[in-house]
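One structure is given here, and the rest of the page talks about it.
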Protein chains: 2
Amino acid sequence: MATDSPAGEPPPGGTRVDARRNRQAVLDAAAEVFVTSGVDAPIRRIAARAGVGMATIYRHFPTRADLVTAVYRHQIEACAEAGPRLLADADSPFDALRQWIDLFVDFLVTKHGLADALRSDDDRFAALHSYFLDRLLPVCGQLLDAAVEAGDIEAGTQPYELMRGIGNLCIGHENDPRYDPRRLIALLLQGLR
Amino acid sequence: MATDSPAGEPPPGGTRVDARRNRQAVLDAAAEVFVTSGVDAPIRRIAARAGVGMATIYRHFPTRADLVTAVYRHQIEACAEAGPRLLADADSPFDALRQWIDLFVDFLVTKHGLADALRSDDDRFAALHSYFLDRLLPVCGQLLDAAVEAGDIEAGTQPYELMRGIGNLCIGHENDPRYDPRRLIALLLQGLR
DNA sequence: AGGAAAACGGAGCATTGCTCCACTTAATAT
DNA sequence: ATATTAAGTGGAGCAATGCTCCGTTTTCCT
């Protein structure tokens, strides 16, 4: 129920052209609205911006998480793909891990409210949670394993816990110059050694 | 606007007995409801439980944060007071810091949704944020300073950032056996050394 | 007791999530 | 080209919740 084609692109929508057109309109509108109002923006507003009815949004994206996922799919994908590349290119596995986490944090930090949504136990976001995890957990695990094997860090840290923690640390950084998640994340990483 | 007597007890309510009685009824009801439904529970429900109208709650506690603060005041106070005591009794300043953080985490973790509320940028919780910070930040700062002076940890970590991070890490641990904030917090503390 | 001030309570408005269903439209069959 | 039908659409409507307004009730003071 989370998504669709297990390893694939978002569904092209039905075969009907109006369906495809509307789907895209919603995606575009959502992307715009998310920037200004965060991923919690009222569905009504997105519908209005897209020039469609609310039901159309719910039909294409049954839960809010589905919509958010679809909007950010490319970026999540990019982040996932960066993992192996960094592992190959960086000076050390630990360095690869650090750089990858930087990437991940950048992503979360620039999307208003995304981190909040990610940790939410709200049912509406369950699918978002799933997608992030399904896609990024293996990557994180791989980096973690490599760093352990290289002796850079101690074994025993679970990818899930690490990613969850990083996500949490990214919450609510907005409008608060006193709080920079990156510093704490660096500290956390340091504690891993 | 956050609270009342700067360094003191909660206001006794007005002089009128019905006001005092109702205030206490609300506090009791809120405490019960918070346990089962979290600090986000509908005001209506608290009002019903207390046997008062909603306006009465809003009159006594203008914002939700005021109510939450009042309910947990004693425990916040206890946590604040534990700081200096631990510093005196523990084996090392670092150990005092660790124990104090344990106390703080216990507090957050046992209050359903408190951590979420604490980090929220929602205006309704601004006062909660303030109160926590006003009361606990100096304590944390003191512990941190002592640990730095003893050479246990490096200088440069801001109390605000640390507490904020710990609070964030405590978010959403409920119903998720895979996520234990304490492990990550230990890691963070380790990174401080 | 009498009256003023304080407190009260719930109806009411606004916002938002989500659903239901009568209508419209695109694809297809004839 | 037209008719048929299934897919798609939109917005009214209901429920939950936050917060306020104001007529009524209670308390306290003299």
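All heavy atoms count here, side chains included; hydrogens, waters and symmetry mates do not.
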### Message
Students often get this wrong, so: under 4.0 angstrom with heavy atoms, is R21(B) touching a base, only sugar-phosphate, or nothing?
### Response
sugar-phosphate

Between atom [atom1] in [X] and atom [atom2] in [N], what is the gap in whole Å?
X	N	atom1	atom2	result
D18(A)	dG8(D)	CG	P	7 Å
D40(B)	dG18(D)	CG	P	8 Å
I46(B)	dG9(C)	CD1	C1'	16 Å
I43(A)	dT19(C)	CD1	C1'	14 Å
R23(A)	dT9(D)	CZ	P	12 Å
I57(A)	dT19(C)	CD1	P	14 Å
Y58(A)	dC18(C)	OH	C1'	5 Å

### Task
Can you spot which of I185(A), L103(A), L189(A), L192(A) makes a side chain to side chain contact (heavy atoms under 4.5 Å, CB included) with R98(A)?
L189(A)

Does [N] have its OP1 or OP2 closer than 4.0 Å to a side-chain nitrogen or oxygen of [X]?
X	N	answer
N22(A)	dG8(D)	no
H60(B)	dC8(C)	yes
T56(B)	dA7(C)	no

With a 3.5 Å cut-off and just heavy-atom distances, do the side chain of [X] and the base of [N] make a donor-acceptor pair?
X	N	value
R44(A)	dT15(C)	no
R59(B)	dA7(C)	no
R16(B)	dA7(C)	no

### Task
Check every atom of dA26(C), dG18(D), dG17(C) against the side chain of P42(A) and return the nucleotide holding the closest atom.
dG17(C)

Would you compute the distance between atom [atom1] of [X] and atom [atom2] of [Y] and round it to the nearest 0.5 angstrom?
X	Y	atom1	atom2	answer
I166(B)	R182(B)	CD1	CZ	12.0 Å
Y179(B)	L162(A)	OH	CG	10.0 Å
F132(A)	M163(A)	CZ	CE	7.5 Å

### Task
Could you say whether R45(A) or A55(A) is positioned toward the 5' end of DNA chain C, judged by the nucleotide with the nearest heavy atom to each?
R45(A)

### Summary
Comparing V52(B) with M54(A), nearest DNA chain C nucleotide closer to 5' gives the residue V52(B)

### Query
Hey, is D18(B) close enough to R21(B) for a salt bridge, meaning N to O under 4.0 Å?
no

### Query
Do the charged groups of R164(B) and D180(A) touch, with an N to O distance under 4.0 Å?
no

## Note on the structure
Using a 4.5 Å side-chain heavy-atom cut-off and chaining through intermediate ILVMFWY residues, the residues clustered with I171(A) come out as I171(B)

### Five-pair end axes of the helix from dA1(C)-dT30(D) to dT30(C)-dA1(D) and the angle they enclose, rounded to 10°
10°

